Every structure is written in structure tokens, then in C-alpha cells.
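What follows is one structure encoded as C-alpha cells, with my remarks underneath.
What you see is a predicted model; the values in this text were computed from it and never measured. By convention in this document, chain letters (A, B, ...) are assigned in the order of the sequence lines, proteins followed by strands, and residues within each chain are numbered from 1.
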Amino acid sequence: MPFDHPQLEPVPDIADALRREWRRLAAPGTWWTGPERVAIAAEARKARRATDDPPPVALPLPAREAARVIAGESHATSRTWVGSLMDAGLDHERYVELVGVVARLAAVDRLTTALGLGHEPLPDPEDGEPSRTPAEGTRIGRAWVPMPPGRSIVVALDHVPAETEAMTDLHGALYLTLDQMGDPLIRRELGRPQMELIASRVSLLNQCFY
Amino acid sequence: MLRASMEAHGWELHLAGIGDPAVDSGVPGGTTLLAFVDVTVGGAGPVDPIRRAVADAFGPAGLVRAAAVAANFEMMNRIADGTGMPVPNSTVRASADVIDALELGHLAVRHGVAVGDGPVDHPRGTR
């Protein structure tokens, strides 16, 4: 069983969430197959010099570049760069799903390495076809990818709704559920000020202006 | 939310402490937590001693939560940057002192965000 580490036992919900994420990673997504999603993860880890797992399938070049940049230097992204990926053959749907996969992998890897657990081996991909379920109500606006109207980060991946659901699930396990977000006095092993201090410092180190 | 949660607890926040670990942020245990982030995210030194320090200060579950929160923002930072999530003007206005205290003006410029009385709600950078 993945993520079967005694160090995670003090907060058991987290190991459960990591296992759900591993199952999602291995399964067919909305626009990428299971092998392609695992290949995206392998490329992302390679960019962070974390591991050098052989990808189960070859990815298109723009997808490899996107995985590398989002994993290793996401602060360097730009509208022009995203546009260049589209010109090279990627589309917004596959790009948004890739961002979600790489971002959640970064979270999983940070958690395990911070606790001294190393990198969990990537899951064996599952066969099957992507659902190819189109989003509704998203459009290109001020962001670099189509989104619904709204100003919260929780809609950032809405062009691929399954990615929003995955982000929300992991966010709720690692940090706070969306319902808990408005409570400045909430405590989950740490107090809210302590959690927010960590959040601020991580974002500062990552040069994330948002 | 850092400021709001500090106010809700009746504690005084020293913004400079977010950017400079030598300055006390006012968050109880904050110096240890910042060192944990700097080592685990920033690679600023050996991990084992600071991991023990966090566990001593907050318990084993506190250590897991500290790592989990850091992990969550590794995710959210990449989503924000990868999608070009616009920074709401209200956030920029409300955070002007934070931007100043942490010397984030260069990031604001890079992302095409106006701070203060300038144009607002610009798209992020077009580098």
C-alpha cells in the first residue's frame, strides 16, 4: 500500500488523501490517459531532480516542457509562454490538466520529503480512455487559461472540472477545507496563524505573487 | 489570512518576520516554523534537526501538519502561476503594506500588477 509510513499516522486523514491522489494519478483523466499522466509526473520529478523514473509513454514536446516548468520554475510562467505551448500543439484542456497533475505531485513530494520519507514510487498507470468531458462556462479572460467568472483560486482549474475536484480534495486534507477557510480561529494540530505563516513563507520562497 | 488570524487571536503581527527569520513575526513558535520551511522548501540546511525541533515544539501531529501546509502551498503556488490567476485588485490594495514590508514590488511589476494608486486589475505578466 502506498504511503504506509508510521510518520503519517498522527494525522491519518492525510495518508488517505495521498492514496486517493495516487489512484487519480494512475487512472485515465479527462484529456490524458493514465500512462500519460504518470509520464507527466515522471517528467516533473525529473525537472526537480527528484527521481529519474522512466516515463511509461513518450509525451509531446510541449507537454514535457510544461511539466518541467510548472514543476521547477513556475514563477517564470507567462501568458506568452502558455501561448507558445498552444502554438506548439498543446491545448488549454490538456495544459490545465497537466498543471493540476504537476501541482498535486509537488505537494505530495514536499510532504513526504519534509517528513524524511523520500519519494513514493509513481503508481502503475491504468488502461482506459480519458473521459473527454468538456467544461461549461469557462472562457479566456485575464488569466492565461479559460476560467469561469470569479476571482478565487478555487476556480483556476475549472476548465477541467475533475482537476478542481482533485485540488479541493487534497487542499482539504493538507490544509483546510473550503468551509474551514473563513475561520481565523480554526486549529488543526497547528493554529491558524501558524499555518498562515508557513503558507506565506512558502509562497515567498516560490516567488508566487498570488 | 495571516493578519486576520493574528488579530482574531489578539496577537500582533510583525510583517518583516515573514521575510527575515531573524525578526520575530509574533506568531508563537514562528521562528521554528519558518526555519522548517526554509530547510524543507528552500534547502537551507540539514532537515533532521529542524524536523526534531518542530516535533518538540508542536508534537508529532504538528510536524505532519506543518509539512502538509507547506505541501499545500507548493501546490497552490504552481496552480496560481501556471494558470495566470489574476490577483484581485482588492487583494493588492489590502496588501500594500505586505508588499512593501517584504519587498515584493519586483514581483508585482513582473506580474503587471499595479500597487497603490496606479491602474488596477491588470492581467499578470506577458513576459
Side-chain angles (χ1 to χ4, degrees), chain A residues 7-8 10-11 14 70-71 74-75 77-82 96 99-100 102-104 106-108 110-111 113-116 142-145 147 151 153 156-157 167 170-171 173-175 184-185 188-210, chain B residues 1-2 4-9 11 18-19 25 27-30 33-34 37-38 40-42 47-48 51 58-88 102 104 107-108 110-111 113 121 123-127:
Chain A
Q7 292 92 331
L8 292 170
V11 190
I14 288 181
I70 299 298
S74 65
H75 61 275
T77 56
S78 68
R79 182 186 297 274
T80 303
W81 175 74
V82 174
V96 168
V99 170
V102 172
R104 292 194 304 280
V108 172
R110 175 60 62 219
L111 174 61
T113 57
L115 295 175
R142 293 194 307 274
W144 302 333
V145 299
M147 290 183 193
R151 296 177 171 220
I153 187 74
L157 301 176
M167 174 195 77
L170 198 55
H171 186 280
L174 297 177
Y175 171 54
L185 295 171
R188 293 185 93 183
E189 293 84 29
L190 299 176
R192 187 75 188 263
Q194 291 154 340
M195 289 194 276
E196 296 303 325
L197 184 67
I198 293 169
S200 300
R201 187 66 179 172
V202 171
S203 299
L204 187 63
L205 292 178
N206 284 337
Q207 300 182 60
C208 180
F209 188 72
Y210 187 87
Chain B
M1 277 308 296
L2 174 57
S5 62
M6 289 291 282
E7 289 174 357
H9 282 80
W11 298 337
I18 302 170
S25 64
V27 177
L33 293 172
L34 289 178
V37 172
D38 286 356
T40 56
V41 176
V47 180
D48 284 347
R51 197 183 292 135
F58 299 100
L63 170 62
V64 174
R65 184 60 68 192
V69 173
N72 185 69
F73 283 87
E74 291 273 39
M75 171 175 73
M76 300 309 291
N77 289 170
R78 282 167 175 80
I79 290 171
D81 284 339
T83 61
M85 188 72 209
V87 182
L102 301 181
L104 302 179
L107 287 181
R110 201 173 73 198
H111 289 293
V113 173
D121 273 357
R124 288 158 51 122
T126 53
R127 184 180 65 86

Segment of S200(A) engaging chain B (4.5 angstrom heavy-atom cut-off)
both

Contact part of L205(A) toward chain B, heavy-atom cut-off under 4.5 Å: side chain, backbone, both or neither?
side chain

Less than 4.5 Å to any heavy atom of chain B: does that hold for the side chain of M167(A), its backbone, both, or neither?
both

Non-hydrogen atoms of chain B under 4.5 Å away: do they reach the side chain of I14(A), the backbone, both or neither?
side chain

Evaluate the side-chain proximity of L204(A) to R201(A): yes if any heavy-atom separation is below 4.5 Å, no if none is.
yes

Name the member of L111(A), L115(A), V82(A) that forms the most heavy-atom pairs with chain B at distances under 4.5 Å.
L115(A)

Option in A70(B), G59(B), G42(B) with maximal non-hydrogen atom pairs under 4.5 Å from chain A
A70(B)

Just how far is it from atom CG of N72(B) to atom CE of M195(A), taken to the nearest 0.5 Å?
10.5 Å

Nearest heavy-atom neighbours spanning R192(A) and S5(B)
CG-CB, 3.6 Å

Kindly give the heavy-atom pair with the smallest separation between W11(B) and P28(B), and that separation in Å.
CZ3-CD, 3.5 Å

Do you know which of P60(B), A8(B), A66(B), A61(B) has the most heavy-atom pairs under 4.5 Å to chain A?
A61(B)

Heavy atoms only, distances under 4.5 angstrom: which of A103(A), A107(A), P193(A) has the most pairs with chain B? Name it, please.
P193(A)

Looking only at G19(B), G29(B), A4(B), the option with the highest number of non-hydrogen pairs under 4.5 Å against chain A is G19(B)

d(M1(B) CE, L197(A) CG) to nearest 0.5 Å is 14.0 Å

Heavy-atom contact with chain A under 4.5 Å, split by part of D38(B)
both

Side chain, backbone, both or neither: which part of V41(B) has a non-hydrogen atom closer than 4.5 Å to chain A?
both

Identify the heavy atoms of R51(B) and A114(A) that sit nearest to each other, and give their distance.
NE-O, 2.8 Å

If you tally heavy-atom pairs under 4.5 Å against chain B, which of V11(A), I198(A), V145(A), L157(A) wins?
I198(A)

Between I70(A) and G82(B) the two heavy atoms that sit nearest each other are CD1-CA, 3.6 Å

Atom of S74(A), atom of N77(B) and distance for their closest heavy-atom approach
OG-O, 4.3 Å

Strictly distance-based, threshold 3.5 Å: is any side-chain N or O of R78(B) a donor or acceptor partner for the main-chain N or O of V99(A)?
no

Does any backbone or side-chain atom of V47(B) lie under 4.5 Å from a heavy atom of chain A? Answer side chain, backbone, both or neither.
side chain

